[in-house]
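Before any comments, here is the structure.
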Amino acid sequence: MPNTIKVKLGSHYKVDVPVENAVFFENYLNENQIDFYSDSYKRLWNTKKSFCIPNKHKDLLDSFDFENTFPITFNAITFFDVSKEKKIFNFYLKLVFVLVTLNALLKLFNFLLVP
């Protein structure tokens with residue numbers, strides 16, 4: 001079945017599949033004529049590809065033994081690690097604080113020294 005947005009807009013659940021097994025999973029869905037929707041955008045930090053599957057096809061997926069083939073997570077929301085972004089943001093805030101303080105000190109010295 002085609003990759004259709006109607007699945008995402010309807011009653012569905014989310015399946016996360018490792019990126020290296022996404023082609024195999026899509027082939028399985030197409031062989032069993034299961035409608036699905038998958039996002040086509042890629043993220044650098046993402047190691048899984050999300051698929052939206054209609055609720056009516058959950059029994060077909062449950063009958064397949066995914067544990068012996070590849071790991072799969074149902075209804076999982078994946079978040080990326082924000083610690084690197086927090087460090088960059090904190091560095092940026094400190095840099096801005098130092099620059100503003102230095103600018104204020106220079107203006108103060110200029111005001112005091114120039115009559």
Side-chain angles (χ1 to χ4, degrees):
M1 301 307 279
N3 186 1
T4 177
I5 190 69
K6 291 179 184 177
V7 173
K8 188 173 185 178
L9 298 175
S11 179
H12 70 279
Y13 62 96
K14 185 175 158 186
V15 178
D16 290 330
V17 178
V19 173
E20 59 270 5
N21 298 322
V23 174
F24 175 76
F25 187 67
E26 283 185 32
N27 187 30
Y28 174 76
L29 294 175
N30 287 327
E31 285 176 357
N32 291 304
Q33 297 181 350
I34 299 174
D35 293 330
F36 67 92
Y37 175 77
S38 66
D39 292 327
S40 60
Y41 60 88
K42 304 254 190 257
R43 298 180 191 153
L44 294 176
W45 61 84
N46 198 359
T47 60
K48 295 187 178 190
K49 187 172 181 181
S50 298
F51 290 88
C52 296
I53 310 289
N55 287 338
K56 64 182 179 180
H57 295 300
K58 186 163 180 8
D59 56 342
L60 286 173
L61 292 177
D62 289 340
S63 65
F64 186 75
D65 187 17
F66 285 106
E67 278 113 30
N68 291 335
T69 311
F70 54 85
I72 185 173
T73 39
F74 290 95
N75 298 327
I77 299 174
T78 57
F79 294 100
F80 62 96
D81 186 22
V82 294
S83 62
K84 191 180 288 186
E85 283 80 6
K86 281 184 179 180
K87 289 178 184 178
I88 292 171
F89 184 71
N90 286 337
F91 175 73
Y92 175 73
L93 285 178
K94 289 176 186 176
L95 181 66
V96 168
F97 178 74
V98 168
L99 291 176
V100 168
T101 305
L102 184 63
N103 189 17
L105 287 174
L106 289 174
K107 287 189 179 202
L108 179 66
F109 286 137
N110 189 24
F111 178 73
L112 293 176
L113 296 176
V114 177

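Below, all heavy atoms of this structure are taken into account, side chains as well, without hydrogens, waters or symmetry copies.
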Does the side chain of L93 come within less than 4.5 Å of F89's, by heavy atoms?
yes
Show which residues join V23 in its hydrophobic cluster (side-chain heavy-atom contacts under 4.5 Å, direct or indirect), or state none.
none
Across all chains, not counting sequence neighbours, the side-chain hydrogen bond (donor to acceptor under 3.5 Å, both in side chains) partners of N90 are none
Using a 4.5 Å side-chain heavy-atom cut-off and chaining through intermediate ILVMFWY residues, the residues clustered with L102 come out as L106
Hey, could you give me the CG/NZ distance between D35 and K56, rounded to the nearest 0.5 Å?
6.0 Å
Set of side chain to side chain contact (heavy atoms under 4.5 Å, CB included) partners for N110, sequence neighbours left out:
V114
Summary of salt bridge (charged side-chain N to carboxylate O under 4.0 Å, His left out) pairs that have at least one residue in residues 21-31, sequence neighbours excluded:
E26-K49
Tell me the closest heavy-atom pair linking Y28 and N32, and the distance in Å.
CE1-ND2, 2.9 Å
For V96, side chain to side chain contact (heavy atoms under 4.5 Å, CB included) partners two or more places apart:
Y92, V100
